Amino acid sequence: MGEEIGCCKRTGPGYATPLEAMSGPKEALLYVTCVYNGTGREKPDFLATVDVDPNSPTYSKVIHRLSMPYIGDELHHSGWNACSSCHGDPSADRRFLVLPSFLWEKPGHSPIFGYDFWYQPRHKTMISSSFGAPTAFTQGFHLQHVAEGLYGRYLHVYSWPDGELKQTLDLGGTGFMPLEIRFLHDPSKDTGYVRCALTSNIVRFFKTEDGSWSHQVAISVKPLKVQNWILKELPGFITDILISLDDRFLYFANWLHGDIRQYNIEDPRNPVLVGQVWVGGLIQKGSPLAAMTEDGKTWQSDVLEIQGHRLRGGPQMIQLSLDGKRLYVTNSVFSTMDRQFYPELVEKGSHMLQIDIDTEKGGLKINPNFFVDFGAEPDGPCLAHEMRYPGGDCSSDIWI
């Protein structure tokens, strides 16, 4: 494996193992997809380069912008042309970031909806999730669309690399809108998690003794009883999920509640909450909404101001440093939903935060020295979504 170049052996991109990746260099740059579509500003979306090196004079600032050639793209997710699964191939090179990335489909039987996917080559399996019909979610979220079957609740199991649909898992009423899907990083493991946004559950999927796949709810975020909202209960609306490269911790964001959570998953069947921090949401102090306790009292979450900025919206996309000690957070879901639930976000723009992580006992704390204000962009406030490191990360790299 590898190619001799002078006295050195060249390898492909990334790292040989997830644990080797944890010892990789500290991040210095982040690529962030930024959206003008749906904001009322007739500008093309762009890819921002953010300086995340605390020793740099331009720390926590946008240092480059790559504009798209057309207006109206609504950039969303992204992916590399090659990752750590190609580490043993010296001819492979991580050179291109694809904006956006799409799920491919072989002819024949296909699911109604598609969204995210992850594959585990040693188990010759790829599993994909199912968002919903564009005719529904592009209009914003409406409950009648759920009743009309316009949102997904299925996981689709394919053979890998053949791409043949082998099994469909119906998550039922506990699994509406399954989106980001993550296998454990250890390529020998046959289990993973998917976040179900609408029902605010994290569902674990796993291989059974007969070789088929099954599922169970691993974490459930209870809705909050609230005052002054359109419904009597406010769901968490889980909007992203990550697993640390050592498979010890799982992280996710509750976009409407406004908190980020850290769970210990060393026992994958029984996640344990070990960290939580509030970084926005509909029930933060100063909001017209208030949550109600069992005894009828009201409460609102305490959210820090960062460098004089009141935090807008709720936590959405998250990205973890390779060593697992820093979590980066943006706050835009999709321009239509942003406008529906957080109109101030569309008006004033997104921001990006950094959370410091206790990787020994668990714990999350906002870094007050880091704040990227996408409301101060030269072409006007924009919406920031997914983040990528130039050298790969825990949500883009897969090992074989």
Side-chain angles (χ1 to χ4, degrees), residues 13-15 21-22 24-36 45-68 75-84 94-101 180 182 239-245 251-253 260 279-280 306-307 309 311-313 315-333 349-357 364 366-378 381-397:
Y15 303 89
M22 293 192 76
K26 186 177 179 179
E27 69 279 3
L29 299 174
L30 265 176
Y31 297 135
V32 186
T33 53
C34 295
V35 173
Y36 278 117
D45 298 347
F46 65 97
L47 184 71
T49 304
V50 175
D51 186 339
V52 295
D53 178 0
N55 297 315
S56 169
T58 53
Y59 175 59
S60 81
K61 295 185 183 301
V62 177
I63 59 174
H64 186 267
R65 300 165 183 86
L66 176 64
S67 293
M68 299 298 103
L75 294 180
H76 201 62
H77 287 186
S78 59
W80 292 104
N81 68 302
C83 73
S84 290
R94 195 194 304 262
R95 295 181 57 211
F96 301 105
L97 184 63
V98 183
L99 302 171
S101 54
E180 273 75 17
R182 317 291 188 203
T239 48
D240 199 11
I241 178 176
L242 288 178
I243 297 174
S244 61
L245 287 169
Y251 301 87
F252 65 80
I260 297 172
V279 294
I306 307 298
Q307 300 177 14
H309 296 276
L311 300 187
R312 302 182 289 270
Q316 211 283 44
M317 297 302 293
I318 52 179
Q319 189 55 266
L320 188 65
S321 61
L322 295 180
D323 62 8
K325 296 181 179 180
R326 291 165 301 284
L327 190 73
Y328 296 89
V329 187
T330 57
N331 55 356
S332 168
V333 169
S350 286
H351 52 244
M352 186 165 77
L353 309 176
Q354 189 238 297
I355 310 297
D356 291 323
I357 298 172
L364 305 174
I366 298 174
N367 176 1
N369 299 315
F370 186 95
F371 184 85
V372 182
D373 185 7
F374 290 98
E377 282 299 296
C382 67
L383 302 170
H385 193 66
E386 191 174 55
M387 298 160 282
R388 289 272 175 246
Y389 301 126
D393 46 66
C394 68
S395 60
S396 67
D397 277 40

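Being a predicted model, the structure only gives us computed values, none of them experimental.
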Checklist entry - Any donor-acceptor pair under 3.5 Å linking the side chain of Asp51 with the backbone of Lys61? => result no
Item to check | Heavy-atom closest pair, residues Phe374 and Val50 | outcome: CZ-CG2, 4.3 Å
Next on the checklist: Do Tyr389 and Leu30 make a side-chain contact, defined as non-hydrogen atoms from C-beta onward lying under 4.5 Å apart?
Outcome noted: yes
Next on the checklist: Within this structure, what is the CG-OG distance for the pair Asn367 and Ser60, rounded to the nearest 0.5 Å?
Outcome noted: 9.0 Å
Next on the checklist: When you compare the side chains of Arg312 and Ser350, does any donor N or O come within less than 3.5 Å of an acceptor on the partner?
Outcome noted: no
Checklist entry - What are the two closest non-hydrogen atoms of Val52 and Pro54, and how far apart are they? => result O-CD, 3.3 Å
Item to check | Check: Asp240 and Gln316 side chains under 4.5 Å, non-hydrogen atoms | outcome: yes
Item to check | SG on Cys34 to CG on Leu47, rounded to 0.5 Å | outcome: 7.5 Å
Next on the checklist: Can you tell whether the side chains of Asp323 and Lys26 come within less than 4.0 Å, N to carboxylate O?
Outcome noted: no
Checklist entry - Is Tyr15 reaching over with its side chain to a backbone N or O of Ser84, donor-acceptor style, under 3.5 angstrom? => result no
Next on the checklist: Does any part of the side chain of Pro378, heavy atoms only, come nearer than 4.5 Å to the side chain of Arg65, both counted from C-beta?
Outcome noted: yes
Checklist entry - Could you give the distance from CD (Gln307) to CZ (Phe370), rounded to the nearest 0.5 Å? => result 9.5 Å
Checklist entry - Taking side chain as C-beta onward, heavy atoms only, is Leu353 less than 4.5 Å from Asn331? => result no
Checklist entry - Should Leu99 and Phe46 count as side-chain neighbours, where that means a heavy-atom distance under 4.5 Å? => result no
Next on the checklist: To the closest 0.5 Å, what do you measure between CD (Gln354) and CD (Glu27)?
Outcome noted: 7.5 Å
Checklist entry - Quick one: does Gln319's side chain get under 4.5 Å of Met352's, heavy atoms only? => result no
Checklist entry - So, for Leu245 and Ala21, which heavy atoms are closest and what is the spacing to 0.1 Å? => result CD1-CB, 3.8 Å
Item to check | Ser332 to His385 - nearest heavy-atom pair and separation | outcome: O-ND1, 2.7 Å
Next on the checklist: Quick test of your reading of the model: are Arg388 and Glu386 salt-bridged, counting only N-O distances below 4.0 Å?
Outcome noted: yes
Next on the checklist: Is any side-chain heavy atom of Thr49 closer than 4.5 Å to one of Tyr31?
Outcome noted: yes
Next on the checklist: Once rounded to the nearest 0.5 Å, what's the spacing between atom CD1 of Ile318 and atom CG of Leu327?
Outcome noted: 5.0 Å
Item to check | Where Leu320 and Ser244 come nearest, the two heavy atoms and their spacing | outcome: CD2-CA, 3.6 Å
Item to check | Working for side-chain contact (heavy atoms from CB on, under 4.5 Å), residues Tyr251 and Ile355 | outcome: CA-CA 12 Å; Tyr251 301 87; Ile355 310 297; over 6 Å; no
Item to check | Leu311 side, atom CG; Phe371 side, atom CZ - distance, nearest 0.5 Å | outcome: 6.5 Å
Checklist entry - With side chains defined as the heavy atoms from C-beta onward, is the minimum distance between Val32 and Val372 less than 4.5 Å? => result no
Item to check | Considering all heavy atoms, the nearest Ser396-Arg94 contact | outcome: OG-NH1, 4.4 Å
